[in-house]
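Take a look at the structure set out below.
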Amino acid sequence: MDLKDKIKNLADAYYNELVAIRRHLHAHPELSFEEKETAAYISNKLDELGIEHTTNIGGHGIVGIIKGKNPTIKTIALRADIDALPIEEKNNCDYASKNIGVMHACGHDVHTTSLLGAAKILNELKEHFEGSIKLIFQPAEEKLPGGASIMIKEGVLKNPAVEVIFGQHVLPQLETGKVAFKSGIAMASCDEIYLTVKGKGGHGAVPHLTIDPILIASHIVVALQSVVSRNANPIMPSVLSIGKFIANGATNVIPEEVKLEGTFRTFDEQWRKEAHQKIKTICESIALSFGGICEVNIEKGYPFLKNDEQTTNASFALAQQYLGAENVEEMPARMTAEDFSYYSQEIPACFYRLGTGNISKGITSSIHTPTFDVDENCLKIGSGLMAWIAIKHLSQ
Ligand code: NI
């Protein structure tokens with residue numbers, strides 16, 4: 001039997017166990033930076049497999065290592081995020097969240113289960129590859145500054161140095177059985193904009209005695225649209241959206257201040273820096289010209305995600321071998337963000353999408369919604385394909 005079939009058979013054989021793991025994780029979600037029980041559960045599973053690992057890296061992060069033959073010649077890493085979201089689950093299944101107000105609505109339970117499944121397969125097959133595989137169970141993907149940045153600071157990519165890293169993410173819009181890749185720039189950088197426009201409140205009937213922060217803020221919202229439409233290079237995707245505008249006056253009350261919040265996303269670090277400056281200048285000078293002030297706070301989030309072209313193209317071909325060409329798709333870049341991007345700024349990386357939807361079973365809800373769920377058949381591919389890609393990259 002060839003290696004590919006061995007992996008497929010193992011993924012099939014472990015399927016019931018993987019479903020049980022995923023359901024346990026799904027029922028017991030924990031918020032970013034609070035993944036204590038989740039980490040203990042993962043550590044326990046790695047103990048059962050006899051995989052050496054270190055806990056409490058970058059918070060509740062865990063790093064395991066599987067050594068093949070000649071373990072020092074090459075090291076690659078596989079990463080899964082383990083945290084959940086502050087969402088109240090509305091699914092009625094028996095594995096629905098038991099932690100009220102917390103839910104695995106971004107599929108990190110699937111990512112974690114898949115990595116445990118891949119680990120089990122790779123551990124079984126360690127006579128079949130040379131080099132080592134680091135298993136990174138990463139906390140706090142959903143919350144700044146992101147668990148990835150902390151784990152990197154704590155040396156997760158060193159000792160031994162990781163040559164290339166792989167991660168996967170659920171995609172409910174893609175049918176289970178399929179995966180999708182995007183070579184090159186794949187996901188955007190993401191910064192949070194917080195603005196406080198201060199004027200002078202007063203009676204709505206005597207506006208000449210006030211400095212109206214609502215009018216100032218309105219001008220700011222309109223003017224900010226010019227950052228993308230007039231300053232960004234048109235062939236470089238950028239987006240600036242204001243999603244919060246709080247002006248707590250009344251029909252006859254002009255308030256003292258207005259709070260605005262928004263997001264800025266793009267794919268170029270230099271332009272990102274320039275855009276921050278542009279946003280600051282526009283907000284401050286418009287407020288000033290109306291006699292008010294604007295406090296600008298831009299909280300820098302994740303950088304953009306770059307999928308290494310050689311690694312991604314090779315992984316695409318490997319996925320075609322494993323799943324059949326008809327089940328592997330190319331996808332466009334997305335303006336969403338993901339802290340896996342931090343790894344991609346350090347070493348060659350490949351982050352691909354795992355199809356988890358199933359229209360005929362009615363599994364269609366988007367991620368970050370209270371009804372998100374997956375077709376659990378995705379766990380076979382989530383673990384098997386990852387193991388296949390890891391082994392083949394080690395033997396290249
Ligand atoms: Ni996610």
Side-chain angles (χ1 to χ4, degrees), residues 22 25-26 28-35 38-39 42 58-62 77-89 91 97 99 102-116 118 136-152 165-174 176 179-182 186-190 192 263 265 301-307 331 333-344 349-357 363-376 378-379 381-383 386:
R22 184 259 164 170
L25 292 170
H26 192 86
H28 302 92
E30 292 173 294
L31 291 173
S32 310
F33 297 107
E34 297 174 14
E35 311 90 341
T38 305
I42 294 165
H60 297 294
I62 294 177
L78 308 175
R79 172 272 204 178
D81 41 10
I82 67 172
D83 55 325
L85 286 161
I87 291 176
E88 174 94 49
E89 178 153 13
N91 291 316
S97 173
N99 296 347
V102 185
M103 178 186 174
H104 269 298
C106 197
H108 299 189
D109 51 341
V110 171
H111 310 158
T112 301
T113 305
S114 296
L115 185 53
L116 283 168
I136 301 176
F137 294 91
Q138 180 216 298
E141 191 283 320
E142 299 284 358
K143 198 167 184 184
L144 294 183
S149 69
I150 304 171
M151 288 189 94
I152 291 169
I165 186 166
F166 299 90
Q168 62 187 331
H169 202 290
V170 300
L171 184 60
Q173 289 78 28
L174 190 66
T176 298
V179 292
F181 291 81
K182 167 71 177 81
M187 294 178 80
S189 63
C190 171
E192 296 175 356
T263 183
R265 294 156 187 251
Y302 306 152
F304 71 94
L305 168 66
K306 179 180 169 291
N307 278 327
M331 61 182 286
R334 296 161 65 102
M335 298 309 287
T336 49
E338 160 62 65
D339 81 345
F340 187 83
S341 60
Y342 279 111
Y343 305 108
S344 82
C350 174
F351 191 64
Y352 58 92
R353 298 282 163 171
L354 177 69
T356 57
I363 302 170
T364 55
S365 286
S366 294
I367 56 168
H368 291 222
T369 67
T371 52
F372 173 72
D373 202 355
V374 302
D375 178 342
E376 287 170 326
C378 72
L379 297 169
I381 295 169
S383 52
M386 195 167 233

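Note that ligands are numbered from 1 as they come in the structure, with each ligand's atoms numbered from 1 the same way. Atom set for the values below is all heavy atoms of this structure, side chains included, hydrogens, waters and symmetry mates excluded.
One finds the OG atom of S32 at 7.5 Å from the CD atom of E141 (value rounded to the nearest 0.5 Å). Put simply, OG1 on T336 and CZ on R265 are 7.0 Å apart, with the number rounded to the nearest 0.5 Å. The OG1 atom of T112 lies 6.0 Å from the CG atom of L25; values are rounded to the nearest 0.5 Å. Atom-to-atom distance recorded for F304:CZ and S341:OG is 9.0 Å, nearest 0.5 angstrom.
Contact check on D375 versus R22 returns no salt bridge, with no Lys/Arg side-chain nitrogen under 4.0 Å from an Asp/Glu carboxylate oxygen.
Protein N/O/S atoms closer than 2.8 Å to the Ni ion (ligand 1): C106 SG, H108 NE2, H169 NE2.
In this model, a donor atom of one side chain and an acceptor atom of the other lie less than 3.5 Å apart for Q138 and Y343.
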